[in-house]
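The analysis underlying the following values was restricted to heavy atoms, covering all of them including side chains, and did not include hydrogens, waters or symmetry mates. We name chains A, B, ... by the order of the sequence lines, and we start the count at 1 in each one.
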Amino acid sequence: MAQTYIGAPIRREEDRRFLTGQGQFVDDVKLPNMLHAAILRSPHPHARILSIDATAALEMDGVAGVITFQDIKDTVVPRPIPIRMRTYVGIERFLQYPLAEDKVRYVGEPVALVVAETRYLAEDALDGVEVSYDPLPPVVNVWQSMQEDSLLFEEHGTNLAYEFASSIGDVDQAFREADYTHKEEFRCHRHTANPLETRGLVASYASGRQELTVWGETKVPHFNRGVLASLLQMPEHRIHFIEPDVGGGFGVRGEFYPENFLVPFAAIKLGRPVKWIEDRLEHLISANHSREHVCELEVAAKKDGTILGMRTKIYGALGGYVRTHGASVPVSTAAMLTGPYLIPNYEWDVKCLLTNKVGMGTFSAPGRYESCFFRERMLDMMAEDLKIDPTQLRLKNLIPPTAMPYELGRTRPEDYSLTYDSGDYPAVLKKALEVIDYENLKLTGGQYKDGRFHGVGVASFVKSTGTGTPYEGARVVVTGPDQVAVYLGISTLGQGHETVMAQICADGLGVPMEYVAVYHGDTDLMPFGGGTFASRGTTLAGNAVYGAAQRLREKILRISAGYLDVDPNDVEFAQGHVYRKTPSSGEPELDLNQVLELAGPASKYNQGEMGLESTHYFHSSQECYPCGAHAVHLAVDPETGQIEILKYAIAEDVGHVINPLLLTGQVVGAAAQGVGATILEELVYDDEGQPLAGSFMDYLLPTSLDIPAFDVAILDLAPSPINPLGVKGAGEIGIVATGAALSNAVSNALGVQVTELPLSPNKIKELLGRKTQA
Amino acid sequence: MKPAKFEYFAPTSLAEALELLHEHGDDAKVLAGGQSLMPMINMRLARPKVVADINRIPDLDYISPTPDGGLAIGALTRQRSVEKSTDVKARIPVLAAAMPSIGHFQIRNRGTVGGSISHADPSAELPALCFALDGEFVLSSASNQRVLKPVDFFISHLTTALEPGELLTEIRLPARALAPSEEWRWGFQEVCRRQGDFAMVGAVSLLKLDGGGICQSACITMFGVAGTPVRIRRAEEALLGSRVNGSVLQDVSRIVSEELDPDSDIHASSAYRKEIGGVIARRTLEAAIDRRNGDETA
Ligand SMILES: Cc1cc2nc3c(=O)[nH]c(=O)nc-3n(C[C@H](O)[C@H](O)[C@H](O)COP(=O)(O)OP(=O)(O)OC[C@H]3O[C@@H](n4cnc5c(N)ncnc54)[C@H](O)[C@@H]3O)c2cc1C
């Protein structure tokens, strides 16, 4: 009778509908009388708007309306799109309005919304909106930004949106005592997530009831509903957000963007439903970009490789505006730069700088991918200088399990200390080394075989997961015979929440999993919801479901015991049936349907609480920290600079595993994304601030042919002590160490030092060229 | 990403198509496999007033052996058909071997031989192969038919000698096989960022050696390095009359690099293309020599 769904490799419930074409995505929402929107975007990285004239567009075939800043001004000013997380003093001066007012600050910035009978006609009419611009000198990198010859916001007199400098321990002392110091400048390249399904919204306004419904809001619908209510100045309860199926998020999709205001605004203004589906060209120049940082890093160590301290200056290229993530990506880059190592003395200075490019937001493992690359590269350089095997250097410095929980210190501007909850970091690294057979493989590092140099690279990481908003809620309701509905406050972006939450509910409650249906993605289901980011789905919502299910199970036992006239401790509930414990006949006393009737409003056994339902909010303001290590073996063709990954091992510990099949899928998917990002992807701009990677011809995503097979070892050594399920976030961890491990392996193969990404053949040839010259 | 308005025609015979193209001249674009044209129309990089879909014309899809041992290929023949054709494999094995480098099989199922040649992307494989093989293109119009050599057909980046009203109808290629009667050895290579991409640099080499291993004929064609495919005559001359060995190949590699003057783009700098051009030219020649000595599929 034991329930064993938690921990079982159960296939995704969602797969059937996705794989048979029965998913319902936002573009599948088709309403009668619906109009289509297209957005006129700035062709200039930095320019003053002298005039906008939409007369010609308004006269064009099928055009229902054109919206410019003048039309939204009275509604939105003085409320630009706010920061969702972690707002710091001063930074709010640089927020973005849904349409450009008198200045544009990146190529792709919305200048006007054109609404017409079809998307075709709307795009035609973009030509009919005449905008006259006076171009200004563009700011294309952090150094130019700091020179401040050209200011994005003249009225504020600076391009520095935010700075956070502080330290833990005594860094000067560490550097004084050091036998060895090394300083290096690293660059992480601008790239971003490209979900298969681009962004999209449909808005419909019922003017009589004054109710607005929006399809396509995802990730953080409750927060976004609040923002929209505030911008439109209407009560939140009159706004309904519905999330259809979603084809991937990865941080980029679902934030409150200009379009999230413009589309509903147009629907209200024009009195007809409006649809906007982002195309890929728009995605690459309007959805959040990420990752672009320069990092000056300095390390102090003893001869034997013991790290004494680190100092860093991080320059984050925030783009033309501060978006919903505020400064959180550069801040996170610094906050966890020391990673899984015992580095008690650490000093940082993070500068968040405006540049004439798309605003910065999160992409899976924001700041962690970057800082892992910076730090792990530095460790390999150190190992080489000190003539220590790089894995031995890591094992020497990893935080030992005996030091857990480990208080890192206050490395964020917020007034709390980061504390690693649990983890056996050395064991996880050793596992990765075992999987890839490091002891034998390390001999091939730097060797030339069959025309290629072989290299081995290793990287360790730890990642904060599971907070952002310190709660998540769930409601579990028995709705009929054999029917249990789970309502979630979180949204889903395709990870498999419907399966995982059903497993948790089934075990928490004591019913077969087939009973359970999971509902999410409608702001009317639950009054609160933090959202789906920071790998918080299972850690927070999973524990909320578990809590709600267990409470409901207790209620079932109470009501059954009342009816059977026994002590509640003498009954148990499993597989949807109530059994008597002593004497146990093995035959059920009641089924779920009978208990539901007993709990009904007309029943005398309901004990004053109608129905079988329970709502539970799981609170946690503490993060939980999964950890892992990547080890890769690759070969580089020194003549062409091309890389082939021969073996890729990943060992990760995310605490207790709810579903190993889905977990492995998440890890492999994220690692594949990281391999592509590290080798292929880059949002290139020219010196004039024009984006050059405007389509998938130039923004190179990996295909299955470019991705190696990953050997994934999932460990369960260190369950999280801070939540009942013992879980840690798992969605983003697979990507963290990809840049680090691959660049370490390339450096090892060629005897060069990679300091910037991506690892394009061109860049690798340049590194080799410099080596030959030296 | 929706096209601007255009008129669509689907002629069902060659005569009808040529009449249509004659009537609309510059305003018309031919639609073959659509693998290049549709993205351009959708991104509004091309805004033709008229689209003439030639997919319903019955007699443009064929691979016919010619009496001289070569092949005549209808313009509408899918790239995948060329890849799979036993005639192609037997008569022009380098063509068969190079086909899988064009995009992915899904693309080749639709993309046509004539479309790729007419599109004239400087990084595309088929134009370079036709160039290397010194084939012939048959251009038909309502009033005329003419035959052009690749050197005269390819003018620059995405620009050909096709006049408004003209349709490329046939591609004629000579035999370049390993059959006992033929002495041709060949090599094909390209360097891409990803499998299936257009080449950053590509090379096709054809060699004829006499019994003593002395080079009697050589053709080295590079693509992705200029507005059209280019033959590297100076490198070919260095091969002619010599025994092709390591030091000759090093020379050839150096000459190819010297001769190239490629542009930079976001995938590779000019310097990269220049250097790698020499490397892969050498590799195609090495492959050509190895291929004759042993395994045909090497
Ligand atoms: C993802 C992807 C990857 C690709 N990778 C490669 C690659 O690696 N290498 C490569 O070479 N190609 C690649 N292609 C392009 C592909 O090979 C195209 O099929 C080819 O370039 C055009 O052929 P088409 O039949 O599709 O022509 P269309 O797209 O229909 O037409 C292309 C152009 O040629 C004109 N045209 C077509 N047929 C004729 C004719 N008979 N007479 C006169 N004009 C004509 C059209 O008017 C149009 O201007 C790729 C395409 C995609 C989508």
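- Rounding to the nearest 0.5 Å gives a distance of 8.5 Å between CG of B:Asp197 and CG of A:Leu680.
- Only the side chain of A:Ser695 comes within contact range of chain B, with heavy atoms under 4.5 Å apart.
- Neither the backbone nor the side chain of A:Tyr685 comes within contact range of chain B; no heavy atom of the residue lies under 4.5 Å from a heavy atom of that chain.
- Per-residue heavy-atom pair counts under 4.5 Å with chain A were compared for B:Arg283, B:Arg273, B:Met43, B:Met200, and the maximum is reached by B:Arg283.
- Remark: B:Asn245 CG is packed, more than 12 non-hydrogen atoms of other residues, nucleotides or ligands lying under 6.0 Å away.
- Using a 4.5 Å cut-off between heavy atoms, A:Asp637 touches chain B through its side chain atoms alone.
- No other option in A:Leu692, A:Asp124, A:Ile643 has as many heavy-atom pairs under 4.5 Å with chain B as A:Asp124.
- How far OG of B:Ser269 is from NZ of A:Lys765: 10.5 Å, rounded to the nearest 0.5 Å.
- Atom CG of B:Asp263 has 12 or fewer heavy atoms from other residues, nucleotides or ligands within 6.0 Å.
- More than 12 heavy atoms of other residues, nucleotides or ligands sit less than 6.0 Å from atom CD of B:Gln106.
- Across B:Lys2 and A:Glu123, no two heavy atoms sit closer than the pair N-OE1, 2.9 Å.
- Looking at A:Ile679, only its backbone comes within 4.5 Å of chain B, counting heavy atoms on both sides.
- Summarising the geometry of A:Phe696 relative to B:Arg194, their closest heavy-atom pair is O-NH2, 3.7 Å, with the distance given to 0.1 Å.
- When the candidates B:Ile266, B:Ile276, B:Asp265, B:Val279 are compared by the number of heavy-atom contacts under 4.5 Å with chain A, B:Ile266 comes out ahead.
- Between chain B and the options A:Thr640, A:Leu700, A:Val684, heavy-atom pairs under 4.5 Å are most frequent for A:Leu700.
- Taking a 6.0 Å sphere around CG of A:Leu196, one finds it holds 12 or fewer heavy atoms contributed by other residues, nucleotides or ligands.
- Between B:Arg193 and A:Pro761 the shortest side-chain heavy-atom distance falls below 4.5 Å.
- Both the backbone and the side chain of A:Glu639 come within contact range of chain B, with heavy atoms under 4.5 Å apart.
- Heavy atoms from other residues, nucleotides or ligands lying under 6.0 Å from CG of B:Asp261 number 12 at most.
- The shortest heavy-atom contact between B:Arg44 and A:Tyr120 is NH2-O, 3.3 Å.
- Taking each heavy atom of A:Arg280 and B:Met1 in turn, the nearest pair found is N-CE, 3.8 Å.
- No more than 12 heavy-atom neighbours from other residues, nucleotides or ligands sit within 6.0 angstrom of CZ on B:Arg110.
- Ion pairing between B:Arg47 and A:Asp127 holds under the 4.0 Å rule for side-chain N and carboxylate O.
- Scanning both residues, A:Asp706 and B:Gln195, for their nearest heavy atoms gives OD1-N, 3.5 Å.
- With A:Gln642 contributing its side chain and B:Cys192 its backbone, the two residues share a donor-acceptor pair below 3.5 Å.
- Heavy-atom pairs under 4.5 Å with chain A were tallied for B:His104, B:His267, B:Lys5; the largest tally goes to B:His267.
- Both the backbone and the side chain of B:Pro3 come within less than 4.5 Å of a heavy atom of chain A.
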